[in-house]
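A quick write-up on the structure given underneath.
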2 protein chains.
Amino acid sequence: MLEMADSYQRAEPMQIRQLAALHNIPDRYLEQLLATLRRAGLIRSQRGAKGGYLLGREPWQITLLEVIDCIEGLEAKAGEKSLTTETVERAVVRETWQEACQAANTVLQRCTLKDLCERRQIKQQLDVMYYI
Amino acid sequence: MLEMADSYQRAEPMQIRQLAALHNIPDRYLEQLLATLRRAGLIRSQRGAKGGYLLGREPWQITLLEVIDCIEGLEAKAGEKSLTTETVERAVVRETWQEACQAANTVLQRCTLKDLCERRQIKQQLDVMYYI
DNA sequence: CCAAATCCTAGCTGAGAACCGGGGTATACT
DNA sequence: AGTATACCCCGGTTCTCAGCTAGGATTTGG
């Protein structure tokens, strides 16, 4: 996603091969992840020769939370039936647990791809300085 | 743990059979969980006949975070070697991720067994009122 | 001693993440 | 049009691990 955020400004799509090579991910597997992201609307695809993937929105409009929820198969349902059989103990613990999740999500929500790209650039420049 | 927090005031140990029956957990499995909790010092055990388990500390001195970290096998190490091979991208994402974990942990840290017991009691009384 | 309880160690199982492969479809370029 | 290049879809394989099962050793109260 970060690579695509960079390529977004250049308005040229990224190809699976490139992304896979850059991050040492098997390209066949990366293809599935990208399909999931596409179905969620986080990225768009261009088929055919010279095709590839592009962000679905501006880099500052995509949060880390959206990306993670997407590929981690966000299933926030199925709790309906268990609510009827849920014990009091489970309910009490679950409330605090969800409160904790909410706190974590707030952090991830605040973090956009643009933020991450900027931090990455800073880190990369620091690496160069250490090398000298 | 909540059951033991209640029994802690009565100063009598809880046995695996009782705990398992109360919460529909296979006792053989519960035994392993309790062993983990014991090794972490969260609970103490009394062997032999009339034995059982007791909290290792007062109910208000044990947080939900400790319990969860304990049974979820908190492995916060092993990141040493990967730090050397960690890419810049992973590092940037991991920082935000850990920040989110920290936020969640803060919530769980604030929640003690005593708090949960009190909330449970309130909920149970509400259930009774609904029943009438 | 004996019954009752915890302790220790090893293995089984189902679900899900990571990964691979074959064949199909759309698009750009010549 | 034809072809090469990419994405698209679906099914299967491997590996990990939480959840669970099983057998036997050890400690303690009566």
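First the proteins, then the strands, lettered A, B, ... as listed; each starts at 1.
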Between the protein and nucleotides 28-30 of chain C, which nitrogen or oxygen pairs come in under 3.5 angstrom?
{"unit_1": "C/dA28", "atom_1": "O4'", "unit_2": "A/Ala49", "atom_2": "O", "d": "3.4"}

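Shown here are the side chain to side chain donor-acceptor pair (under 3.5 Å) partners of A/Gln109, two or more places apart in sequence or in another chain: there are none. When the side chain to side chain donor-acceptor pair (under 3.5 Å) test is applied to A/Asp6, the partners found at least two apart in sequence or on another chain are A/Arg120. Under the side chain to side chain donor-acceptor pair (under 3.5 Å) criterion, A/Lys50 pairs with no residue at all, not counting sequence neighbours. Remark: B/Thr106 engages B/Gln102, B/Arg110 in a side chain to side chain contact (heavy atoms under 4.5 Å, CB included) (not counting sequence neighbours). B/Arg39 pairs by the salt bridge (charged side-chain N to carboxylate O under 4.0 Å, His left out) definition with nothing, not counting sequence neighbours. Applying the salt bridge (charged side-chain N to carboxylate O under 4.0 Å, His left out) criterion to B/Glu99, with sequence neighbours excluded, gives no partner residue. Residues passing the salt bridge (charged side-chain N to carboxylate O under 4.0 Å, His left out) test with B/Glu58: none are found, sequence neighbours excluded. Applying the side chain to side chain donor-acceptor pair (under 3.5 Å) test to B/Glu31 and every residue at least two apart in sequence or in another chain returns B/Arg28. Scored by the salt bridge (charged side-chain N to carboxylate O under 4.0 Å, His left out) test, B/Arg57 finds B/Glu66 as partners (sequence neighbours excluded).
For the side-chain contact (heavy atoms from CB on, under 4.5 Å) with A/Leu42, the lone residue among A/Leu55, A/Leu113, A/Ile71, A/Leu37 that qualifies is A/Leu37.
Helical stems in DNA chain C, defined as runs of 3 or more consecutive Watson-Crick or G-U wobble pairs with donor-acceptor distances under 3.5 Å: C:1-30 with D:1-30.
A donor and an acceptor atom sit less than 3.5 Å apart, one in the side chain of A/Gln32 and one in the base of D/dG11.
Minimum atom distance to the side chain of A/Arg39 is reached by D/dC9, of the listed D/dC9, C/dC8, D/dC8.
Of the residues in residues 12-31 of chain B, B/Pro26, B/Arg28, B/Tyr29 come within less than 4.0 Å of DNA chain D through at least one heavy atom, sorted by number.
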